[in-house]
Amino acid sequence: MIIQPQIQGVVARSCHPFGCQAAVSEQIAKSRTQQSSSDALPKRVLILGASSGFGLASRIALAFGPAKADTIGVSFERGVSDKGIGSAGWYNNIFFHQAAEQEGLVSTNIVGDAFSSETREQVAKAIEQDLGGQVDLVVYSLATGIRPNPETGEFWRSAIRPVGETVEGYSVNFEKNSLDKISLPPATEQEIDETIKVMGGEDWLSWMQFLNERNLLARGCETVAYSYIGPEHTHAIYHKGTLGLAKTHLHHTRNGINTLLESIEGRANIAVCKALVTKASVFIPGLTPYLLALYRVMKDKGLHEGCIEQMNRLFYGKWHDAADRDTEGLIRIDDWELRDDIQLEVNALLAEMTPENFENIGDYQGVLGEFLQLNGFAFPSVDYNQDVDIDALKALHP
Ligand code: NAI
Ligand code: NA
């Protein structure tokens with residue numbers, strides 16, 4: 001079978017396994033060259049949301065960089081079936097595992113709903129059996145639109161909306177190669193509450209409580225969750241909107257986890273990341289024009305980073321310098337994005353950007369390319385005319 005990209009709006013309905021393999025390999029190569037002078041690198045790591053974006057990059061950085069960590073990765077992905085080829089994250093899991101095994105590293109993939117108690121039990125068992133009973137680091141990198149409410153069996157659903165005002169703007173459509181005008185009405189109280197349930201800190205805390213009660217956290221264990229703040233230009237849609245309120249909740253949760261971990265001298269961290277093209281971020285209406293402008297300016301200045309560059313800089317740069325935190329105690333790997341010179345140029349491009357000129361004003365080809373690569377397409381090293389053997393794919397398991 002020949003696999004073609006199938007794009008609907010901002011969602012990819014197909015993925016290319018060989019391209020996913022290329023993506024994992026490229027990231028591994030970028031982590032192998034890292035150096036660290038710290039002798040306190042985490043050796044046993046649990047990653048929640050390990051199959052794509054920042055979670056996958058964290059796993060690769062920690063396994064193939066100087067930490068050489070054994071890892072357990074939890075994700076929600078699907079394999080090949082009558083319905084289709086499966087999801088990119090499924091193949092990322094498979095090819096990460098193959099590479100880790102070759103390297104002599106422990107790598108366990110757990111595919112299931114991270115919000116469920118079954119998955120918590122599976123993780124507990126895996127930490128005992130595969131990691132010797134405890135972890136040194138828990139990376140919390142879930143991004144999702146729904147979370148089951150265990151009391152009702154129904155779902156909380158996030159809504160990406162401004163708060164208190166209607167926002168007019170543009171959103172990129174990768175299917176039609178267009179910049180579409182959008183108007184986002186303010187969130188209702190219920191939409192705000194549910195977004196905080198889905199993307200706030202409650203589940204992060206609950207995971208840490210579970211792992212702590214089971215004595216699965218090593219002395220000095222750390223945890224990190226990822227956040228976004230962004231510049232003034234995106235505040236109406238992000239920082240001051242529903243997602244931003246959920247992130248503020250996440251930031252406060254750090255204090256609760258720090259209290260929880262006091263007895264084992266553990267620590268909770270928030271890393272504020274740069275805006276990047278991921279499966280989750282292209283869903284945020286109004287953010288994509290900003291990405292187009294940001295990519296252009298940061299590339300021009302030689303400062304562009306993808307997920308793997310961000311995670312390498314986090315774990316082998318900022319992490320061990322306790323002084324390298326902002327006044328709220330957050331780790332800022334959005335520092336380059338928010339530089340005044342960058343934002344000045346970004347704002348100038350955004351002021352000029354229209355549905356007619358966005359492909360030239362912004363880095364549309366770059367953003368589209370990264371979007372395609374998330375799903376295994378657009379890798380120069382992959383021969384997309386090559387037949388993909390579906391039965392061979394069915395035999396692969398994460
Ligand atoms: P992503 O969509 O690439 O990764 C999400 C991961 O969560 C995947 O591994 C997916 O399988 C997993 N997942 C989703 N629902 C799950 C469930 N019910 N059970 C188990 N696993 C599940 O997203 P991305 O962008 O890497 O986001 C990770 C974190 O980084 C989020 O907190 C996001 O807000 C944050 N972040 C993202 C930025 C961006 O520009 N992409 C910027 C700053 C922070
Ligand atoms: Na992730």
Quiz item: Honestly curious: do Leu350 and Val167 fall in one hydrophobic cluster under the side-chain, below-4.5 Å linking rule?
Solution: no

Self-check item: Whether Tyr364 and Phe174 hold their rings parallel, tilted or perpendicular, with breakpoints at 30° and 60°
Solution: parallel

Quiz item: What pairs with Asp324 under salt bridge (Lys or Arg N to Asp or Glu O under 4.0 Å), at least two apart in sequence or on another chain?
Solution: Lys318

Practice problem: Quick one: pull up CG in Asp389 and CG in Leu393 and give me the separation to the nearest 0.5 Å. | Solution: 7.0 Å

Quiz item: Charged N to carboxylate O under 4.0 angstrom, Glu194 versus Arg157?
Solution: no

Quiz item: Near Lys299 NZ, under 6.0 Å, is it more than 12 heavy atoms from other residues, nucleotides or ligands?
Solution: yes

Exercise. Measure up the Trp207 and Phe210 rings against each other and bin them: parallel (under 30°), tilted (30 to 60°), perpendicular (over 60°).
Key: perpendicular

Quiz prompt | Electrostatic pair Arg325-Asp335, nearest N-O below 4.0 angstrom | solution = no

Exercise. If you link ILVMFWY side chains whenever their heavy atoms are less than 4.5 Å apart, which other residues fall into the same cluster as Phe155? By chain and number, please.
Key: Ile146

Quiz item: Near Asp340 CG, under 6.0 Å, is it more than 12 heavy atoms from other residues, nucleotides or ligands?
Solution: no

Practice problem: Please say whether more than 12 non-hydrogen atoms of neighbouring residues, nucleotides or ligands are located less than 6.0 Å from NZ in Lys43. | Solution: yes

Quiz prompt | Arg313 to Trp336 six-membered ring, cation-pi geometry met (6.0 Å, 45°) | solution = yes

Self-check item: Side chain proximity check, Asn375 to His16, heavy atoms < 4.5 angstrom
Solution: no

Self-check item: Check ion pair Arg147-Asp113 (N to O, under 4.0 angstrom)
Solution: no

Practice problem: Determine, for Tyr170 and Lys181, whether the Lys NZ or Arg CZ falls below 6.0 Å from the six-membered ring centre while staying within 45 degrees of the axis. | Solution: yes

Quiz item: Are Lys274 and Tyr295 in a cation-pi setup, meaning NZ or CZ lies under 6.0 angstrom from the ring centre and within 45 degrees of the ring axis?
Solution: yes

